[in-house]
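Just so it is clear, the structure is predicted and the values come from calculations on it, not from any experiment.
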Amino acid sequence: MSENAGGCGRCCCSFIFTLGLTSLFMWLSLRTSNPKCSIQEFYLPALDKSSNNRNNTTLQFQLKLENTNKDKGVYYDDVNVTVYDSPNRSHIIGTSVIGRFYQGHKKTAHKNGTAPTDQKVVSRAVFANGSAVFRVDLVTAVRFKIIAWKTKRHKIAVGADVEVNVNGTKVNKKNIKLSSSGSNNVSYYCCCVGILLYFFALIFA
């Protein structure tokens, strides 16, 4: 009787342990990371004191979008870029839309964009020394491709302050990371579930 009970207990523990490992594996397989977004180039000819083309009020920029997932592609909806006159977003000086596209796993995309600007608002944002600090916000939604399955849409809303010098270009020579105070909720909740199931299996094993 005791041998049967012991065998049954070992089977149950083995099943629970296997369930925990399976849950952890599924979490690792389904876990997603949002693309990394940054500004590579930012140029406003109207602020370039060294140029003879200061009547050109069109903002030119380049975005860098990185899919860091090892085995998951990313479907982007339209990427909406809004530029404000200051970090507190007092007035919009221009907007731009980059059309939807697909990005393979571990791939990097460089997207050029232009935005006609309101020259009066831009002029009011310029400091006495000819520099300015603008706010750039990016909003889009993505779906992740896992094998042949697509996830539901996940909203991405990131931004950064961009300081511009008297040449109309960004002061920071490095890429400016667009970040958000929020987190990737999908990854967070999957992580919690996976870890809880795994420790549950260890406790009862």
Side-chain angles (χ1 to χ4, degrees), residues 33-69 73-144 153-182 184:
S33 297
N34 282 341
K36 293 182 178 180
C37 310
S38 59
I39 299 174
Q40 282 195 300
E41 304 292 341
F42 190 96
Y43 178 54
L44 195 53
L47 299 185
D48 189 353
K49 292 186 176 181
S50 63
S51 172
N52 295 323
N53 193 25
R54 297 188 66 182
N55 291 327
N56 183 358
T57 60
T58 300
L59 168 66
Q60 304 165 24
F61 64 88
Q62 184 181 82
L63 299 176
K64 180 180 180 182
L65 306 171
E66 298 179 78
N67 176 13
T68 59
N69 294 284
V74 178
Y75 288 93
Y76 291 80
D77 283 355
D78 288 347
V79 179
N80 299 284
V81 178
T82 305
V83 183
Y84 298 88
D85 62 339
S86 64
N88 61 12
R89 302 181 179 91
S90 299
H91 302 90
I92 294 176
I93 68 170
T95 61
S96 180
V97 178
I98 296 172
R100 59 185 60 199
F101 65 98
Y102 173 76
Q103 184 179 44
H105 60 276
K106 299 294 289 183
K107 298 293 185 181
T108 299
H110 301 273
K111 297 293 184 179
N112 295 317
T114 58
T117 62
D118 186 327
Q119 186 58 24
K120 292 183 179 180
V121 177
V122 172
S123 300
R124 291 197 296 266
V126 177
F127 300 130
N129 62 1
S131 66
V133 179
F134 300 107
R135 175 70 184 185
V136 179
D137 284 345
L138 180 153
V139 177
T140 187
V142 298
R143 291 176 294 163
F144 297 96
R153 282 180 169 82
H154 304 291
K155 184 177 180 181
I156 294 177
V158 293
D161 298 338
V162 179
E163 184 179 358
V164 175
N165 57 28
V166 295
N167 295 320
T169 61
K170 62 185 179 68
V171 173
N172 192 342
K173 299 302 181 182
K174 296 181 179 180
N175 294 342
I176 299 176
K177 181 182 178 181
L178 302 177
S179 59
S180 171
S181 58
N184 187 344

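- To the nearest 0.5 Å, atom CD of residue Q60 and atom CZ of residue F42 are 10.5 Å apart.
- In this structure, CZ on F144 lies 5.5 Å from CG on N69, to the nearest 0.5 angstrom.
- Between A109 and F101 the shortest heavy-atom distance is CB-CE1, 4.1 Å.
- Using a 4.5 Å heavy-atom threshold, the side chains of R89 and D137 count as touching.
- Summarising the geometry of D78 relative to T140, their closest heavy-atom pair is O-OG1, 3.1 Å, with the distance given to 0.1 Å.
- Note that CG of N172 is 11.0 Å distant from CG of N165, once rounded to the nearest 0.5 Å.
- Side chains of S131 and N129: a donor on one and an acceptor on the other come within 3.5 Å.
- A donor-acceptor pair is defined here as one N or O able to donate and one able to accept, closer than 3.5 Å; such a pair exists between the side chain of S96 and the backbone of T114.
- A donor-acceptor contact shorter than 3.5 Å links the side chain of N67 to the backbone of G104.
- Here the side chains of V81 and V136 are in contact, with some heavy-atom distance below 4.5 Å.
- The distance from atom CG of L138 to atom OG of S180, rounded to the nearest 0.5 Å, is 11.0 Å.
- When R143, R153, K155 are each tested for a side-chain hydrogen bond (donor to acceptor under 3.5 Å, both in side chains) with D77, only one passes: R153.
- Across all their heavy atoms, T68 and K106 have their closest contact at O-CD, 3.5 Å.
- Residues T58 and P45 share a closest heavy-atom pair of O-CD, 3.2 Å.
- The line from CG of L63 to CD of E41 is 11.0 Å long, rounded to the nearest 0.5 Å.
- Residue N88 qualifies as enclosed at atom CG: its count of foreign heavy atoms under 6.0 Å is above 12.
- The shortest heavy-atom contact between L65 and C37 is CD2-SG, 3.6 Å.
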For this session: For side chain to side chain contact (heavy atoms under 4.5 Å, CB included), just list the numbers for F61 and V83, CA-CA rounded to whole Å, side-chain angles, deciding distance to a tenth of an Å, and then say yes or no.
Result: CA-CA 11 Å; F61 64 88; V83 183; 5.8 Å; no
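- The minimum heavy-atom distance linking K174 with K170 is given by the pair O-NZ, 2.9 Å.
- The CG atom of L47 sits 11.0 Å away from the CG atom of N56 when rounded to the nearest 0.5 Å.
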For this session: Evaluate the criterion side chain to side chain contact (heavy atoms under 4.5 Å, CB included) for residue pair Y76 and I98; output intermediate values, then yes/no.
Result: CA-CA 10 Å; Y76 291 80; I98 296 172; over 6 Å; no
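- Between the side chain of D85 and the backbone N or O of H91 there is at least one donor-acceptor pair closer than 3.5 Å.
- Aromatic rings from Y102 and Y75 are positioned such that their centres are separated by under 6.0 Å.
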